[in-house]
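Okay, structure first, notes after.
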Amino acid sequence: MEFFENLMHHIVEVAILVFEFIGVIVIIISGLKGFYFYLRRRPDMKLALAQGLAVGLEFKLCSEILKTVTVRDFKEIATVAGIIALRAALTFLIHWEIKEEKAEEKVEEKTTKE
């Protein structure tokens, strides 16, 4: 039984590292893409950056959720819960911004067609 517990612990630790790494890479790539769009004065720069940040934060949120499997005491649980709450709030705000940006683009399209 202890073997399976150790095996699960190692698998979860590797998965946490993988999801953290993927999240960081996605955020870096979307930041560079957003900067490139900014230099080119593309109007969809904010939308592209926000979407990339949202995806990156989702991967980082996955790693935080997996960390709840490995924590042992209440202090660690509280810390992980706080991080999850902050990242979830950030993700919510970014999704809200994406929704607002898309609505703004639709209004602009309607006014240019008229």
Side-chain angles (χ1 to χ4, degrees):
M1 189 65 148
E2 189 176 321
F3 169 76
F4 291 117
E5 189 174 316
N6 287 334
L7 179 65
M8 184 195 69
H9 183 75
H10 290 300
I11 290 171
V12 168
E13 289 294 323
V14 170
I16 289 170
L17 289 173
V18 168
F19 286 133
E20 286 280 340
F21 181 74
I22 292 170
V24 168
I25 294 299
V26 168
I27 290 171
I28 289 171
I29 290 171
S30 64
L32 292 173
K33 183 179 174 183
F35 182 67
Y36 176 76
F37 285 2
Y38 173 76
L39 292 176
R40 296 289 181 183
R41 305 278 189 241
R42 287 187 52 173
D44 61 339
M45 181 271 302
K46 282 178 63 177
L47 185 60
L49 183 59
Q51 288 173 334
L53 290 175
V55 171
L57 280 172
E58 293 288 340
F59 278 106
K60 294 189 71 57
L61 191 58
C62 286
S63 71
E64 293 300 330
I65 291 169
L66 283 174
K67 283 181 187 176
T68 62
V69 173
T70 62
V71 294
R72 296 288 184 225
D73 63 4
F74 184 74
K75 187 176 181 180
E76 289 180 51
I77 291 172
T79 303
V80 171
I83 292 170
I84 288 172
L86 287 172
R87 288 192 178 167
L90 282 172
T91 302
F92 173 76
L93 289 172
I94 290 171
H95 281 291
W96 178 76
E97 186 176 334
I98 290 169
K99 186 174 130 181
E100 292 296 315
E101 191 70 27
K102 285 182 178 180
E104 194 175 298
E105 283 181 1
K106 286 182 182 179
V107 168
E108 287 176 10
E109 286 177 9
K110 285 182 181 180
T111 57
T112 55
K113 287 182 181 179
E114 293 175 352

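To the nearest 0.5 angstrom, Asn6 atom CG is 12.0 Å from Met1 atom CE. The distance from the CG atom of Leu93 to the CH2 atom of Trp96 is 8.0 Å, given to the nearest 0.5 Å. Taking CZ of Phe37 as the reference point, atom OG of Ser30 lies at 11.0 Å (rounded to 0.5 Å). To the nearest 0.5 angstrom, Glu105 atom CD is 10.5 Å from Lys46 atom NZ. To the nearest 0.5 Å, atoms CE (Met45) and CG (Leu39) are separated by 9.5 Å.
Put simply, the side chain of Arg87 reaches to within 4.5 Å of the side chain of Ser63, judged on heavy atoms. Ile84 is listed as a side-chain neighbour of Thr68, based on a closest heavy-atom distance under 4.5 Å.
A salt bridge links Lys67 with Glu64: at least one charged nitrogen is closer than 4.0 Å to a carboxylate oxygen. Between Lys106 and Glu100 there is no salt bridge, since no side-chain N of the basic residue sits under 4.0 Å from a carboxylate O of the acidic one. Using a 4.0 Å cut-off between charged nitrogen and carboxylate oxygen, Asp73 and Lys75 do not count as a salt-bridge pair.
Hydrophobic side-chain contacts under 4.5 Å tie Ile29 into a cluster, directly or through other members, with Phe21, Ile25. Other residues sharing a hydrophobic cluster with Ile94 under the 4.5 Å side-chain heavy-atom criterion for ILVMFWY residues are Ile27, Leu47, Leu49, Leu53, Leu57, Leu90, Ile98. Summarising the hydrophobic clusters (Ile, Leu, Val, Met, Phe, Trp, Tyr; side-chain heavy atoms under 4.5 Å, direct or chained), the residues clustered with Met8 are Val12, Val14, Ile16, Val18, Phe19, Ile22, Val26, Val55, Phe59, Leu66, Val69.
With a 6.0 Å cutoff to the six-membered ring centre and a 45° limit on the axis angle, Arg42 does not count as a cation-pi contact of Tyr38.
Of all the heavy atoms in Ala48 and Lys33, the pair that sits closest is CB-CE, 4.4 Å.
Taken together through direct or relayed side-chain contacts under 4.5 Å among Ile, Leu, Val, Met, Phe, Trp and Tyr, Val24 and Leu32 form part of one hydrophobic cluster.
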Original post:
Can you check side chain to side chain contact (heavy atoms under 4.5 Å, CB included) on Thr91 and His95, steps first, answer last?
Top reply: CA-CA 6 Å; Thr91 302; His95 281 291; 3.4 Å; yes
